[in-house]
There are 2 protein chains.
Amino acid sequence: MSDEALPRSLEHPLPSGMRDLLPEEAAERRSLSRRVLDVAALHGYALVTLPAFEFSEVLERGLGTLAPADVLRFIEPESGEVAAFRPDMTPQIARVVATRLRDRPPPVRLAYEGTVLRRRSGRARKHRQIPQVGVELAGVAGPEGDLELLGLAAATLRAAGLARFTIDLGGAGVVRALLAGRPEAEQRALSEALARKDETEVDDPTLRALLALHGGRDALVEGARLLARTPAAGAASALLSLFDAAVARGLGDCLQADLGEVRGFAYYTGAIFHAYAPGTSDAALSGGRYDELLSRFGAPMPAAGLALDLDRVLEARRAAGVSEPGPRRLVVVGPADDPRVAALRAQGVCAVAVSGRAEARVYARAWGFTEVQDRLDPDATLQPA
Amino acid sequence: MSDEALPRSLEHPLPSGMRDLLPEEAAERRSLSRRVLDVAALHGYALVTLPAFEFSEVLERGLGTLAPADVLRFIEPESGEVAAFRPDMTPQIARVVATRLRDRPPPVRLAYEGTVLRRRSGRARKHRQIPQVGVELAGVAGPEGDLELLGLAAATLRAAGLARFTIDLGGAGVVRALLAGRPEAEQRALSEALARKDETEVDDPTLRALLALHGGRDALVEGARLLARTPAAGAASALLSLFDAAVARGLGDCLQADLGEVRGFAYYTGAIFHAYAPGTSDAALSGGRYDELLSRFGAPMPAAGLALDLDRVLEARRAAGVSEPGPRRLVVVGPADDPRVAALRAQGVCAVAVSGRAEARVYARAWGFTEVQDRLDPDATLQPA
């Protein structure tokens with residue numbers, strides 16, 4: 001078949017937003033997800049594994065009505081019901097907590113790994129696969145649960161090899177209290193304007209002032225003063241207390257505050273946090289408190305969680321020049337059943353045999369092997385490059 | 001909301017064939033997949049990560065026309081093309097080898113992990129999620145490649161903790177040579193009858209005789225004699241040679257032969273193998289040679305592969321009483337910021353704090369913690385149960 005005859009799907013062989021990870025990238029991502037899950041396990045979070053799609057009804061119960069353009073849905077043939085690829089794993093966790101785990105005593109500490117599928121939010125609204133590792137903590141209310149998650153957020157980012165990152169702390173209650181009573185459409189328009197940090201679209205001077213209130217503790221003190229006589233007073237002072245408690249737990253180095261933070265607004269009910277590192281195009285980690293979610297599944301319980309976007313964390317690692325030395329991988333110049341190959345593997349060293357010396361070096365270079373061991377001089381190893 | 005008002009999808013909350021893994025099972029499966037991928041890595045197989053669905057055209061190019069009832073398909077909204085959940089990852093690997101990896105020198109050694117979605121083959125043809133770890137070896141022809149994969153099959157099953165298993169070796173060429181020249185419908189009917197080991201439906205005495213030819217080397221010697229003057233003579237003697245070479249490589253303990261083996265017949269072109277262990281309801285591992293697959297993607301190359309069905313391997317482990325001691329996991333009786341918790345985690349030990357002694361024991365038992373450490377007597381640890 002000539003190249004011209006190749007069908008379109010072989011030229012552009014993957015559905016929009018899907019991608020393959022080739023060996024180098026796949027190894028890097030797997031190693032990262034292993035580190036993050038290991039940290040979560042140290043903190044008592046147990047892995048659960050969830051299916052890649054669910055009945056739409058389950059996801060909508062957690063996320064609110066899914067905008068048809070934002071989620072990939074299809075008719076599940078056996079039930080005739082609408083299923084959707086998960087755009088978020090939290091509703092799935094809520095379902096599991098409310099059903100199969102409902103008899104276990106709280107707090108429920110679960111970890112998960114998987115890919116979610118979302119539309120990009122830019123002009124070209126294409127799907128994007130987002131590989132995540134996350135945790136959910138159900139049954140621990142207020143600041144104590146928030147502090148556990150903030151600590152875990154910092155621990156996972158450090159385990160990922162990032163030395164420099166910031167965690168921006170906000171509170172969903174602040175903006176919500178200020179918007180309460182306005183018509184829903186107005187609430188939505190204002191929160192979108194706040195998300196864009198677009199002052200011109202914000203009519204209320206107090207809301208507009210929030211846009212400047214980000215930075216260190218001072219911003220929160222200023223916010224508490226500004227909001228003292230507003231319905232957001234309680235939320236603002238709770239946020240200041242949480243900030244101080246997090247600093248007392250050793251998070252002062254990375255913690256920032258952002259009173260105008262509204263991302264995830266519809267979802268979160270309390271603390272909201274996003275972590276950034278130099279070189280990331282978006283938050284490497286996001287989380288917050290959603291105390292109303294589990295009641296929608298019939299198991300009312302306070303809950304909070306966080307998820308790392310592994311691709312963003314890998315971007316940050318690259319930007320920071322973090323590189324993990326991979327394991328030794330040897331090409332042995334010799335026949336397929338060369339006994340040195342079995343001996344190396346028995347020692348836990350990756351080894352393959354290639355029959356010619358020149359071929360061995362080409363093979364090693366192309367496939368990321370670290371050494372070539374020649375048959376003639378078994379003690380000498382050559383660098384493949 | 002009363003329980004009666006729960007919608008159907010919460011009572012039976014998952015699409016057919018989907019399931020959640022709760023902590024115990026998720027940990028067990030993840031540990032198994034890690035072991036298998038570690039063995040593959042020792043043998044030079046590099047991980048690639050592939051999307052859960054593809055354009056149907058790519059899968060059909062690899063697998064032949066997909067029976068609409070056997071695959072879950074949907075219209076991918078952005079392209080308007082038909083996409084399908086992969087029922088098999090091999091066509092995806094073939095696509096990657098033929099496109100993004102086409103400039104790397106063979107042999108191509110790739111490993112993968114993921115879930116495939118197939119209809120059950122029983123009367124109730126429901127979907128079933130099958131979690132797999134597999135490898136593909138492209139660019140090594142005939143016995144040398146087959147031996148590499150047979151060795152890897154045994155190594156992965158041993159690494160999974162199975163001491164007793166058999167690998168049944170067959171050859172797609174034997175039955176194919178005997179059926180050649182018959183109309184396609186007849187070929188299909190006969191190979192289905194052979195798959196069911198149903199003598200009554202097999203009109204040809206030579207084919208019928210194959211049904212008895214399974215067991216040790218003797219069965220292959222007998223087969224070579226029986227088939228000596230048939231078009232299958234070459235395939236039968238090649239299979240005997242492969243068997244002997246595999247025994248010479250140390251596989252004599254687990255190797256069996258099955259001349260009437262036809263599963264995967266439409267797909268495989270040479271050696272076929274299936275591994276079984278006591279307690280498994282189906283093959284724990286399957287593999288074989290498919291030398292024609294890569295040419296369908298424009299990159300003609302001999303190729304072979306194998307995949308483990310992780311659920312079947314876990315069944316076999318349970319039947320064999322294989323249990324892996326999990327890591328130490330401690331519940332400390334104390335406040336959330338108890339310094340012992342941080343100290344334990346710093347030593348790599350999982351720890352959480354629970355404030356009351358009785359609650360700590362209940363929590364430990366429910367969530368699989370191994371020890372409870374009381375505040376009053378820090379040196380004494382109690383068993384949770």
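Chain identifiers are assigned alphabetically (A, B, ...) following the order of the sequence lines, protein sequences preceding nucleic acid strands; residue numbering begins at 1 within each chain.
Heavy atoms closer than 4.5 Å to chain B are found in the backbone of A/P106, but not in its side chain. Contacts of A/L344 with chain B are absent, with no heavy-atom separation under 4.5 Å from either backbone or side chain. Within the 4.5 angstrom heavy-atom criterion, only side-chain atoms of A/R329, from C-beta onward, approach chain B. Contact of A/Q92 with chain B is not made at all, since no heavy-atom distance falls under 4.5 Å. Contact annotation for A/E24: only side-chain heavy atoms (C-beta onward) come within less than 4.5 Å of a heavy atom of chain B. For A/V352, the part sitting under 4.5 Å from any heavy atom of chain B is the side chain, from C-beta outward, and nothing else.
With respect to chain A, the highest number of heavy-atom pairs below 4.5 Å among B/E359, B/R100, B/R29 belongs to B/R100. Of all the listed residues (A/R104, A/M18, A/E76), the one sharing the greatest number of non-hydrogen pairs under 4.5 Å with chain B is A/R104. For the set A/D337, A/V354, A/V341, A/D38, the count of heavy-atom pairs under 4.5 angstrom toward chain B peaks at A/D337. Of the residues considered (A/G368, A/G44, A/P107, A/A366), A/P107 shows the highest number of contacts with chain B, using heavy-atom pairs under 4.5 Å. For the options B/A27, B/P77, B/A111, heavy-atom pairs under 4.5 Å to chain A are most numerous at B/P77.
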Could you give me the CA-CA distance, side-chain angles and deciding distance for A/V48 and B/D20, then say whether side chain to side chain contact (heavy atoms under 4.5 Å, CB included) is met?
CA-CA 7 Å; A/V48 288; B/D20 303 311; over 6 Å; no
Does B/L14 form a side chain to side chain contact (heavy atoms under 4.5 Å, CB included) with A/E54? I'd like the steps, not just the answer.
CA-CA 6 Å; B/L14 286 172; A/E54 293 255 351; 3.7 Å; yes
Show me the side-chain donor-acceptor pairs of residues 137-150 of chain B shorter than 3.5 Å, one per line, residues at least two apart or across chains.
| residue | atom | partner | partner atom | Å |
| --- | --- | --- | --- | --- |
| B/E144 | OE1 | B/R249 | NH2 | 3.4 |
| B/E144 | OE2 | B/R249 | NH2 | 2.7 |
| B/D146 | OD1 | B/R289 | NE | 2.8 |
| B/D146 | OD1 | B/R289 | NH2 | 3.1 |
| B/E148 | OE1 | B/R109 | NH2 | 3.2 |
| B/E148 | OE2 | B/Y45 | OH | 2.7 |
| B/E148 | OE2 | B/R109 | NE | 2.7 |

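Residues forming a salt bridge (charged side-chain N to carboxylate O under 4.0 Å, His left out) with B/E25 (at least two apart in sequence, or on another chain): B/R19.
Closest heavy-atom contact between A/P23 and B/A46: CB-CB, 3.6 Å. Between B/V362 and A/P105, the shortest heavy-atom contact is CG1-CG, 3.9 Å.
In this structure, A/R34 contributes its side chain and B/R34 its backbone to no donor-acceptor pair below 3.5 Å. Within the 3.5 Å criterion, the main-chain N or O of A/V108 finds no donor-acceptor partner in the side chain of B/W367.
One finds the CG atom of B/L47 at 12.5 Å from the CD atom of A/E28 (value rounded to the nearest 0.5 Å).
Ring centers of B/F74 and A/F85: under 6.0 Å apart, within the cut-off.
A 4.5 Å side-chain heavy-atom check between A/V96 and B/L22 finds at least one atom pair inside the cut-off.
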